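Atom set for the values below is all heavy atoms of this structure, side chains included, hydrogens, waters and symmetry mates excluded. Note that this is a predicted model, so its numbers are computed, not measured.
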Amino acid sequence: MVGLEAPKGVVLVLMPIGRDAATVAKLIERAGLRPVVCNTLQEVIENLEWVIEVVLVAEEALYGNNARVLEDWVGRQPPWSDQPFVVLTNRNEGGKFAAFRRELVIRLRNVGFLERPLQAITLQATVLSAERARRRQYQIRAYLEAQRGAAAELERLVAERTADLERANSQLREEIAGRERAQAALLQAQKIEALGQLVGGVAHDFNNLLMAVIGNLDLLSKKLGEDARLHRLLDGAMEGARRGATLTQRLLAFARKQELKAQATDVRRLVEDMIGLIERSVGPMVRVELHAEGKMPVVDVDPNQLEMALLNLAVNARDAMITGGVLTIGLSEQIVGADDQLGIRPGRYVLLSVRDTGEGMDAETLARAVEPFFSTKGVGKGTGLGLSMVFGLAQQSGGALRLESAPSSGTTATLWLPVAPVTSLPSARTPDAITQASARARILFVDDDLLIAGSTVDLLEDLGHQVVEVHSGTEALRLLEGGLTTDLLITDHAMPGMTGIELAREVRRQYPQLPILLATGFAELEGIEVVDVARLAKPYTQAQLSMEIARLLPH
């Protein structure tokens with residue numbers, strides 16, 4: 001406005017030693033700025049919450065951990081802000097002082113140096129230049145705020161001008177209100193996608209290694225004789241391999257790239273069958289209770305993965321109850337309508353809840369609880385994959401995982417599982433019956449990894465099958481086109497040149513009656529148009545291999 005002067009820019013001055021602060025303050029005042037002398041770094045940080053143009057600080061005030069304290073404030077600046085700092089140095093030479101000043105540049109980012117003794121004009125020019133740069137930052141902030149204000153005003157005017165667009169405007173406001181949630185969800189999805197790609201490669205290589213270990217241990221177990229010590233050593237090695245396979249499955253679960261074998265599952269019977277295992281897992285200091293609402297409908301889920309998820313939730317609950325407590329497993333049914341704000345598809349759901357009486361979580365911890373590798377447990381006491389695995393299973397099964405917690409009030413984890421469209425439970429042949437039904441066959445086996453190929457061929461020949469071993473899809477096709485007769489094709493997927501899926505697609509086109517078994521870690525099939533063939537998850541045992549062969553071949 002006419003007749004009013006622009007407000008003077010504020011310069012914080014921190015020179016706690018000697019009387020230089022008063023002298024510098026006068027020079028700043030003569031330059032048309034307003035100095036504010038601070039006696040401690042804490043005063044500087046408190047004043048930085050207001051409109052400050054420049055911070056003028058003596059180098060010695062930043063010795064020790066003071067620069068780190070100031071760095072924390074710098075890191076919390078909004079995106080538009082880059083607070084200028086002017087550091088007054090002494091004529092100290094040497095590597096230690098040079099390194100300290102380089103570190104200040106990294107910590108404070110927008111920093112300039114003036115060497116004492118100071119020339120008045122040099123000090124004033126430097127401070128005025130920094131003040132102008134800071135004012136441009138405030139102008140940018142004002143511009144951004146004006147843009148946001150203009151958008152809000154435009155929305156208000158549109159709502160006033162036409163009643164016909166009220167519904168559209170209402171929807172737009174809801175979208176704006178949910179923008180942050182959408183951005184957070186997108187960030188999480190991108191994180192999961194990136195981790196999923198990494199996990200896919202790691203899981204494939206890890207599964208191949210475990211395949212060789214488990215296959216050879218399986219064969220070795222038949223040749224040890226009666227030596228109890230050797231059997232004990234073999235059992236220990238096999239248990240270690242199984243734990244590795246479990247870890248791989250957890251990695252695939254949180255990345256939501258595992259192969260789920262969903263089927264109609266009696267979740268109440270599953271929980272009741274697991275009560276004994278859960279009681280042993282949580283120990284005598286935790287009392288386990290089951291609360292269920294009558295008969296539950298069957299749910300559409302992978303029962304093996306659900307068992308693992310329930311056990312993970314129980315172990316997490318036990319760890320939260322340091323001095324013991326009560327673990328309550330609940331079962332109930334709920335119908336979700338189209339207008340419910342639960343973020344899941346409408347329909348019938350069975351709710352499987354696990355509630356503990358432990359320490360609970362604050363809001364910040366609760367918000368990160370399902371993040372991969374996030375854990376509140378000590379080093380070596382958890383992988384941070386338990387809740388992530390449960391979350392991934394729920395999402396992949398068409399349901400959801402909901403966590404409720406507060407400090408000193410315990411935690412409740414609830415799995416929403418969709419009710420199966422059919423009520424009949426699948427009948428299963430026993431493994432022994434399938435294995436006994438396995439006929440001797442001629443098998444074409446394809447795997448580019450010689451270690452895996454040799455191990456699996458030994459497993460197949462030990463079962464009595466005749467095996468033709470090749471190491472590429474191209475070689476397998478050449479043998480088939482050359483007249484090779486075979487009862488079954490078993491192939492790996494991740495192979496150079498021609499993948500297992502591409503091989504299966506071509507074999508299915510040329511030889512539609514030939515059974516195909518794809519042995520894979522599943523993660524690498526993401527985004528691929530998969531042929532409808534039988535699959536066997538790596539790593540597998542000889543018994544699992546035998547069962548799949550028996551299922552595919554006529555008896």
Side-chain angles (χ1 to χ4, degrees), residues 196 199-212 214-215 218 245-246 248-253 255-263 300-305 308 392-393 396-397 426 428-429 431 434-435 438 441 443-449 452-453 455-457 459-460 463 465 467 470 473 476 486-495 498-509 511-554:
V199 165
V202 171
H204 177 266
D205 292 341
F206 193 31
N207 278 335
N208 274 349
L209 294 175
L210 289 172
M211 185 63 253
I214 290 175
D218 230 348
T246 299
T248 304
Q249 288 303 312
R250 287 186 175 185
L251 289 170
L252 293 173
R256 300 200 281 279
K257 294 193 176 187
Q258 64 179 342
E259 181 81 358
L260 293 182
K261 297 183 178 178
Q263 61 188 54
D300 196 18
V301 72
D302 185 323
N304 295 325
Q305 295 297 326
M308 185 183 298
L393 170 66
Q396 234 180 319
S397 300
R429 299 166 62 193
I434 294 177
T435 304
S438 177
I443 297 174
L444 176 58
F445 181 78
V446 189
D447 199 310
D448 66 308
D449 191 315
I452 306 304
S455 172
T456 307
V457 167
L459 289 175
L460 291 169
L463 291 171
H465 300 298
V467 184
V470 295
T486 183
D487 301 308
L488 173 66
L489 168 66
I490 302 178
T491 179
D492 183 31
H493 170 67
M495 298 183 295
M498 175 181 285
T499 67
I501 288 294
E502 292 169 341
L503 172 61
R505 186 180 294 116
E506 185 62 25
V507 169
R508 182 58 52 83
R509 186 182 67 83
Y511 312 96
Q513 302 304 317
L514 178 61
I516 303 172
L517 177 60
L518 183 69
T520 176
F522 297 123
E524 67 270 23
L525 299 182
E526 181 71 15
I528 296 175
E529 183 183 351
V530 180
V531 180
D532 183 19
V533 296
R535 299 187 212 166
L536 180 60
K538 288 182 179 179
Y540 48 81
T541 63
Q542 187 181 44
Q544 292 169 328
L545 180 60
S546 177
M547 289 171 60
E548 286 299 321
I549 293 173
R551 188 174 63 84
L552 290 171
L553 295 180

Which residues pass the side-chain contact (heavy atoms from CB on, under 4.5 Å) test with D449, sequence neighbours left out? N208, D447, L451, I452
Of all residues at least two apart in sequence or in a different chain, which pass the side-chain contact (heavy atoms from CB on, under 4.5 Å) check with E502? M498, T499, R505
Side chain to side chain contact (heavy atoms under 4.5 Å, CB included), that's the test. Do L518 and L536 meet it? Break it down for me. CA-CA 6 Å; L518 183 69; L536 180 60; over 6 Å; no
Heavy-atom pair of closest approach, residues T491 and G500: OG1-CA, 3.9 Å
Tightest non-hydrogen contact, residues A534 and E548, listed as CB-OE1, 4.5 Å
How long is the gap from OH on Y540 to OG1 on T456, to the nearest 0.5 Å? 3.5 Å
Any donor-acceptor N/O pair, H465 side chain to A441 backbone, under 3.5 Å: yes
Shortest non-hydrogen separation from A453 to F445 and the atoms involved: CA-CE2, 3.6 Å
side-chain contact (heavy atoms from CB on, under 4.5 Å) with S455: which residues, sequence neighbours excluded? N216
One should read off an interatomic distance between H493 NE2 and I501 CD1, to the nearest 0.5 angstrom, of 6.0 Å
Applying side chain to side chain contact (heavy atoms under 4.5 Å, CB included), run through L514 and L444 and close with a yes or a no. CA-CA 11 Å; L514 178 61; L444 176 58; over 6 Å; no
Check: R535 and L517 side chains under 4.5 Å, non-hydrogen atoms: no
Test log, rule side chain to side chain contact (heavy atoms under 4.5 Å, CB included), inputs V446 and I490: CA-CA 6 Å; V446 189; I490 302 178; over 6 Å; no
L463/Q542 under side chain to side chain contact (heavy atoms under 4.5 Å, CB included): CA gap, chis, key distance, verdict: CA-CA 8 Å; L463 291 171; Q542 187 181 44; 3.7 Å; yes
Check whether any side-chain N or O of Q544 sits under 3.5 Å from a backbone N or O of T541 as a donor-acceptor pair, and report yes or no. yes
Once rounded to the nearest 0.5 Å, what's the spacing between atom CD1 of I443 and atom CG of L489? 10.0 Å
Could you pull out the closest heavy-atom pair between V470 and A476, with the gap in Å? CG2-CB, 3.9 Å
